[in-house]
Amino acid sequence: MPVAPAAAQGRAKGFIEAAPVVRGEGGIVARKRGLITIANRLPVRQVGKGRAARWQPSEGGLVTALTPIVRESRGAWVGWTGVPGRAPRAFEHDDIRMRPVALTSDEVDGFYHEFSNRTLWPLYHDAIRTPEFNHQAWAPFVSANMKFAKAAASVASKGDLVWVHDYHMHLVPAMLRAMRPDLRIGFFLHIPFPPEELFAWLPWRKALLEGLLGADVVGFQTGAGARNFSRVVREFTEAQGTDTHLRYQGRDIQVNAFPISIDADWFETTSLSESTITRASEIRERVGAGRRILLAVDRLDYTKGIDHRLRAFELLLKRGDASVDDCVLIQVAAPSRERVAEYATMRTRIEQLVGRINGTYSEPGRVAVHYFRRGLSREEVVAFYRAADVMIVTPLRDGMNLVAKEYPASRKNAGGVLILSEFAGAAAELRRAILVNPRDLEGMADAMRDALRMPDDEARHRMGILRVQVKRHDVYDWARSFMEALKG
Ligand code: ADQ
């Protein structure tokens, strides 16, 4: 799930619901429908211990976009606290009702680490790593999903809207519908939905699809994801219909693409602040005046194509198309899912590659690759965006990829070139990036060379077009369009 600023909290950009008219026992009653959000994590996390413990908002694009609607509608947020064992009772934070879900350690292992992150995550990302099909993980996946569904059923008022997020919650829509047929239920998948050839591998494929068919609206990042879903549903369940409208057990289900975005205004404003500008010049000076900066910012995940990107940069230097005198690659990678063995192996591989490239090409005062394995503050990330001449976003597969949108949003009057993988959802919208196939190392090295040599007016022209797209379709626009569909 995305991480982005919480700056706009409290800003309910156009979300105030028109009060729908519903038929109550005493005739026609007008009332607002609450929005219940269900996500793996609550939008707050506990900091401090014992008496000093308190809740602090988590930063995230999703949190930024949804908290105003949940607050405004007097709805609630259902999610896990991030700590196994007993959960606190429902509480209110910043005018939002929080309904924590308690998960046992076994559930966290089976539901989260195993089934969500070792089965669904790799399979849905083109099986870049071999997914595990561990039958022991299914029962905790079911029981955890049931806990989220029950928690939502207990806080929802009659006729409320419920928005369920992401692959961890595959079974929640049908479970919730069985308990509360009065609710309008929407589901949004943040990651890609795979084609039938891959989805068919899942021993639980029918149950997983029937879980989603409990929703009234099923949303995906791209049209391709939506089509893949409608096709497998027609293949493996009794549902019938078209790519966008399904009929199942006497109900209509809308299937569509709702490409997620960012709080573009926040990125623009932050990028233009004095402290960001000062920090950006400091970064440029430190890597060496006159050197062009190629930047990559990712969660340290095997889907993000970090090793392919490093090898392409190595090739660029090897071919002599650029040298450490004229450019530097900065790779910032935030540690993630360190308990999964695949992630540890990948981390070692990346560190070896950085060592190899630096060992071969660096000169005194001229390091070829700066590698930061750490999460940075949001403001620091923006300073790096502001400092970078070329942004390289080359996942092997990605639902959307928010970095691809954050960079243009942070480049007012600044030019800069975006190199973007064809296999990121963002490529469907950001057509004026240099689009690349991340598995084609020669092609990627060519793209880096072309980006470094692109004339300034062309770079500014392309960046202008990317910026218009991102500013027009920001995260508020995304939430609004999903809510419109969900209201029916
Ligand atoms: P992710 O794969 O986690 O989420 P992605 O879209 O790549 O998300 O966004 C990552 C976020 O983390 C960005 O906001 C970025 O700025 C931030 N970030 C990355 N590295 C960082 C670092 N080192 N320090 C600080 N911040 C860092 C999933 C899907 C995506 C989809 C999102 C949203 O996998 O495809 O775009 O959800 O739906």
Side-chain angles (χ1 to χ4, degrees), residues 1-7 39-41 58-66 116-117 120-126 128 163 165-169 187-194 219-222 224-225 257-264 266-267 270-271 295-306 309 330-337 343 347 350 370-386 388 391-410 420-421 423-430 470 473-475 478-479 482:
M1 217 154 283
V3 222
N40 182 36
R41 297 296 290 272
S58 316
E59 295 207 326
L62 190 70
V63 172
T64 312
L66 297 186
S116 297
N117 289 338
L120 296 179
W121 177 270
L123 184 73
Y124 282 24
H125 288 89
D126 289 354
I128 294 168
W163 193 353
H165 288 268
D166 230 359
Y167 58 105
H168 320 85
M169 303 293 148
F187 177 90
F188 181 75
L189 185 70
H190 289 257
I191 66 175
F193 191 89
F220 297 89
Q221 301 276 26
T222 62
F258 298 89
I260 199 170
S261 192
I262 56 161
D263 183 352
W266 184 87
F267 279 92
T270 307
S271 71
L295 174 69
V297 176
D298 312 85
R299 210 159 41 69
L300 196 41
D301 194 293
Y302 52 75
T303 59
K304 303 291 180 187
I306 302 174
R309 180 186 308 147
I330 301 180
Q331 171 71 61
V332 189
S336 156
R337 301 183 195 167
Y343 286 70
R347 175 180 147 183
I350 288 168
H370 284 281
Y371 171 62
F372 306 125
R373 186 172 48 75
R374 66 189 81 133
L376 306 177
S377 72
R378 306 298 307 154
E379 289 73 13
E380 182 76 349
V381 170
V382 177
F384 273 95
Y385 290 153
R386 200 69 201 174
M391 185 77 215
I392 315 180
V393 183
T394 49
L396 300 174
R397 175 63 73 189
D398 217 327
M400 176 55 60
N401 199 301
L402 298 178
V403 172
K405 295 187 170 182
E406 292 168 359
Y407 180 67
S410 309
L420 177 60
S421 162
F423 305 119
E429 295 167 84
L430 304 178
V470 173
H473 300 286
D474 65 4
V475 71
W478 168 76
F482 194 92

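Counting convention: from 1, in listed order, for ligands and their atoms alike.
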Donor-acceptor check, side chain of R397 to backbone of T303, threshold 3.5 angstrom: yes or no?
no
Select one of side chain, backbone, both or neither to describe which atoms of W121 lie under 4.0 Å from any atom of ligand 1, heavy atoms only.
side chain
Name of the residue among W478, F188, F482 meeting ring-ring contact (aromatic ring centres under 6.0 Å, His included) with F258:
F482
Is there a side-chain contact between R378 and E406 in this structure, where contact means two heavy atoms from C-beta onward sitting under 4.5 Å apart?
yes
Under 4.0 Å between heavy atoms, the region of R374 that gets near ligand 1 turns out to be backbone
Going by the atom numbers of ligand 1, which of them fall below 4.0 Å from some non-hydrogen atom of V332?
23 (N)
Just by modelled atom types, is the V403 backbone N or O under 3.5 Å from a matching donor or acceptor in the N401 side chain?
yes
Check A409 against V470 and note the closest heavy-atom contact, atom names and distance.
CB-CG1, 4.2 Å
Atoms in ligand 1 with a heavy atom of D298 nearer than 4.0 Å:
19 (C), 20 (N)
Taking only heavy atoms of Q221 into account, list the atoms of ligand 1 that are under 4.0 Å away from them.
31 (C), 38 (O)
Structural part of Y385 in contact with ligand 1, heavy atom criterion under 4.0 angstrom
side chain
Counting from 1, what ligand 1 atoms have a heavy atom of V297 closer than 4.0 Å?
19 (C), 20 (N), 21 (C)
Which is closest to atom 24 (N) of ligand 1 by heavy-atom distance: V393, D398, V382, L376?
L376
Where's the contact between V403 and ligand 1, heavy-atom distance under 4.0 Å: side chain, backbone, both or neither?
side chain
Element-labelled atoms of ligand 1 that are located less than 4.0 Å from some non-hydrogen atom of G399:
35 (O)
For G375, the ligand 1 atoms with a heavy-atom partner under 4.0 Å come out as 22 (C), 23 (N), 24 (N)
Heavy-atom distance to atom 17 (C) of ligand 1: which of E406, R378, Q331 wins?
R378
Test item: Y124 side-chain N/O and Y167 main-chain N/O as donor-acceptor pair under 3.5 Å
no
Under 4.0 Å, heavy atoms only, figure out whether ligand 1 is touched by the backbone of L402, its side chain, both or neither.
both
Find the distance between CG (D166) and CG (L189) and round it off to the nearest 0.5 Å.
5.5 Å
From the options M400, R299, K304, select the one whose nearest heavy atom is closest to atom 7 (O) of ligand 1.
K304
How are the rings of Y385 and Y407 set to each other: parallel, tilted or perpendicular (split at 30° and 60°)?
perpendicular
Below 4.5 Å, heavy atoms only, C-beta onward: do M400 and H190 meet side chain to side chain?
no
With a 4.0 Å cut-off on heavy atoms, is Y167 touching ligand 1?
no
Taking the side chain from K405 and the backbone from I260, do they hold a donor-acceptor pair closer than 3.5 Å?
yes
Does even one non-hydrogen atom of E380 get within less than 4.0 Å of ligand 1?
no
